[in-house]
2 protein chains.
Amino acid sequence: MIFLTELESQFYSKFSELKSASGSHSPSIHQLIRSFPNVKIDIDACYLCNPYAFDLFMDYFVNADIEKYIRFYPALNSEIAKNLSVFTGIPSEKILVGNGAIELISSLFSQFKKKKILMVLPAFSAYQELAEDDNIIIPYYLTKEYDFKLNVDDYLTLLLYHKPDVILIINPNNPTGTLIKRNDLIRIHTELTPSQLLIVDESFIHFTAEEESIELYATDFNNIIIIRSLSKDFGIAGVRIGYAVMPENYIVNLQKTGYLWNSNGFAQFFSELLTKTEFQRKYAISRLLYHQSKNDFFVALSELPRYKVYPSEGNFFLIETMEDPSFVFTKLLFEFGIYCRLLSDKVGLKGNFIRIASKNQSDNHKIILALKSIANF
Amino acid sequence: MIFLTELESQFYSKFSELKSASGSHSPSIHQLIRSFPNVKIDIDACYLCNPYAFDLFMDYFVNADIEKYIRFYPALNSEIAKNLSVFTGIPSEKILVGNGAIELISSLFSQFKKKKILMVLPAFSAYQELAEDDNIIIPYYLTKEYDFKLNVDDYLTLLLYHKPDVILIINPNNPTGTLIKRNDLIRIHTELTPSQLLIVDESFIHFTAEEESIELYATDFNNIIIIRSLSKDFGIAGVRIGYAVMPENYIVNLQKTGYLWNSNGFAQFFSELLTKTEFQRKYAISRLLYHQSKNDFFVALSELPRYKVYPSEGNFFLIETMEDPSFVFTKLLFEFGIYCRLLSDKVGLKGNFIRIASKNQSDNHKIILALKSIANF
């Protein structure tokens, strides 16, 4: 049994206030630093990114002639889509570039009114909030009993019974890290009528063991939209770039609401990097490095007593704690400067859970030592 | 009389194709460079910015610890609004931060359906395109005969007769550079009923001889919106940041469509600079330097034969050419590497006009020499 000290309790109660002011999201690292100037945050394991890819980006960034990307208006959306097309192999007419994936998600969902939306829960909170607004949510719950895995037959039964207008799947899912295999996803799509829209958020797809993306498959249909953040894979959340693969009529429609000039100069610079063979090759190496680091982290987490870690195809792990998770969270942050995601507010997830992002080998090692130390309190 | 060489004619016809593909905007410098790799562009006098302020920004940028602005999610809209509040003196609850002013303009206008919009023409093309979409435009034309000045009495007559829902004014206006004095604008506002909405775009307000902004005045009313790009004043178009001063109900409404996380890390960095007294002081100096340079440019332009320059409270000059303006445009670009704005497609502007941005002293001097040389062909 672990207990919080007086100071830790005060800290947690102040953090809780900050958290409830942030809605269903975690307070950002900026807010945290401002609110707790005395707490030294060493590792942000709430933030989901590949740190090796971030280092790679910074290598190019510091050596680039960045002035022109600051001085001039950035290229138009369609120009940046051409760069993403080189990287993804998707025709550029089917790509809409977002000022972060969240812009695409928000404007897409703002078009849904009185729709039936089939949604897997627990999920990324923004989807749930946007979907709830003036629509009917049909939830499919991932449960602990089934290791948070989606059962395709059960899911299809629900789908065929409710006939939703929109089918939303985050794959791999956040915060569970569970994956619907490519073939199963295609099977689900095959059951849809042309008027049912399948939205798949593949923001974590670069972290799976096998290639599982259906984005190329999607381009052959008029009822699939793929959403893709690029900040997770490349660790560059501040740059704000994501994209959607969409049927062209959706793109034309959304462009009317202001997608012409929505990328900044740094996003343009990044999109140009993506077209370079050398950068692509180095990025592939950073993926391998990160994958290795994540696998090692999983093994080490699995060996910890008093924590149960679930396998993950994302770049984070869902961890069940034997103790009150807010205690573990507080000790991690207050004693070790490690910021993780406390999941007590996550809709559709009951129990003692935290989510910890996989970082580089050295940070992961520090996290393991901290968790061990907390369990031995 | 000037003529184009064979090569220049070919160049202009290729440029015209590029231009018509860009809609009502000028091709960006990026598109231009890509389409004409052999034309060396020395001065972008199409792009409207204070280059002294750009140099100031770059001084801070290269010496800053930029990594954290790239790595982490940027601060929320409301946090960045607090920084802009320090700079402007406007309460932060009345500020909505945009991913460039264009984002604010687009989403604001996407809410107008079947509205009567009173609009001063010629104007920034984006407004005209957005306003036209499913609304009725009542135009007030600025004419050469009156040096493109707005006559407040005539304007009010039109306003009181048509009773528009929305009154849109760009002040100073682009491309004419003409200003409605603060007192006249307040007089216009006083004639409105509470249900009539006044939108004033003050993106060029930092270039006027006197302080003419009504943004503080606006905060006392529920029917004024001020739109403000920051890329002109600070010369940082690639950073994408602008803001609107709005009644709070408009902000709440727009925030639903996705304004939570719309700023990038560099925009956040810039907003933090704006709160620093030292930066503010240096920026004030850059404004003075630019103002001086613009005044000198006007004097030199006025002395040129075969061009008529109109006084401007913006940071650009509307210039009437005795020759075909497309010839002047082509010679400027092809022979001198100076890119200006050809206005032959500008709705509400008839005649031979180009628009030339004021740059620093040295660039302005080169532009004067080029115009002189062209007139003597």
Side-chain angles (χ1 to χ4, degrees), chain A residues 22-23 25 27-31 33-34 44 47 49 51 54 57-58 61-62 66-76 79 98-100 102-110 126 130 133 231 234-241 256-270, chain B residues 22-23 25 27-31 33-34 44 47 49 51 54 57-58 61-62 66-76 79 98-100 102-110 126 130 133 231 234-241 256-270:
Chain A
S22 308
H25 307 283
S28 75
I29 194 89
H30 302 290
Q31 286 171 285
I33 290 168
R34 206 168 30 235
D44 184 356
Y47 170 48
C49 77
F54 170 77
F57 175 82
M58 287 308 296
F61 183 80
V62 297
I66 286 297
E67 269 208 24
K68 65 177 174 182
Y69 297 97
I70 297 176
R71 187 194 292 267
F72 298 117
Y73 281 91
L76 296 181
E79 296 292 311
N99 177 36
I102 193 73
E103 183 187 31
L104 298 158
I105 297 169
S106 302
S107 49
L108 189 60
F109 275 76
S110 74
L130 288 164
D133 190 26
S231 58
F234 291 90
I236 49 169
V239 170
R240 313 307 298 131
I241 182 165
K256 283 188 196 153
T257 67
Y259 271 84
L260 194 62
W261 278 317
N262 65 332
S263 292
N264 63 74
F266 306 94
Q268 179 184 350
F269 167 73
F270 170 67
Chain B
S22 308
H25 307 284
S28 75
I29 194 89
H30 303 290
Q31 287 171 284
I33 290 168
R34 207 169 30 236
D44 184 355
Y47 170 48
C49 77
F54 170 77
F57 174 82
M58 287 308 297
F61 183 80
V62 297
I66 286 297
E67 269 209 24
K68 64 176 174 182
Y69 297 97
I70 296 176
R71 187 194 291 267
F72 298 117
Y73 281 91
L76 296 180
E79 297 291 311
N99 177 36
I102 193 74
E103 183 186 32
L104 298 158
I105 297 169
S106 302
S107 49
L108 189 60
F109 275 77
S110 73
L130 288 163
D133 190 25
S231 58
F234 291 90
I236 49 168
V239 170
R240 311 309 297 133
I241 183 166
K256 283 187 196 152
T257 66
Y259 271 85
L260 194 62
W261 278 318
N262 65 332
S263 292
N264 63 73
F266 306 93
Q268 179 184 350
F269 167 73
F270 170 67

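Labels below follow one simple rule: chain letters A, B, ... track the order of the sequence lines, proteins then strands, and each chain is numbered from 1.
Ranked by non-hydrogen atom pairs under 4.5 Å with chain B, the options A:S110, A:S106, A:P74, A:G265 are led by A:P74. Interface remark: of the candidates B:F54, B:W261, B:F57, B:F54 forms the most heavy-atom pairs closer than 4.5 Å to chain A. Contact tally against chain B (heavy-atom pairs below 4.5 Å) for A:R71, A:E79, A:R240: the top residue is A:R71.
Two residues are said to be in side-chain contact when any heavy atoms from C-beta on lie closer than 4.5 Å; B:V239 and A:I70 meet this criterion. Counting heavy atoms from C-beta outward, B:I241 and B:F266 have side chains that stay 4.5 Å or more apart.
In this structure, CZ on B:F72 lies 14.0 Å from CD1 on A:I236, to the nearest 0.5 angstrom.
Considering only residues two or more places apart in sequence or on other chains, A:N262 meets the side chain to side chain donor-acceptor pair (under 3.5 Å) condition with A:N77, A:E103. Residues satisfying the side chain to side chain donor-acceptor pair (under 3.5 Å) test with B:Y69, not counting sequence neighbours, are B:E272.
In this structure, chain A has a heavy atom under 4.5 Å from the side chain of B:F61, while its backbone stays farther away. Using a 4.5 Å cut-off between heavy atoms, A:I105 does not touch chain B at all. Neither the backbone nor the side chain of A:F109 comes within less than 4.5 Å of any heavy atom in chain B. Only the backbone of A:S263 comes within less than 4.5 Å of a heavy atom in chain B; its side chain stays farther off. For a residue to count as touching a neighbouring chain, one of its non-hydrogen atoms must lie under 4.5 Å from one of that chain's; by this rule A:I102 touches chain B with the side chain only.
Annotation for B:Y47 and B:S231: closest pair OH-O, 4.1 Å, computed over non-hydrogen atoms.
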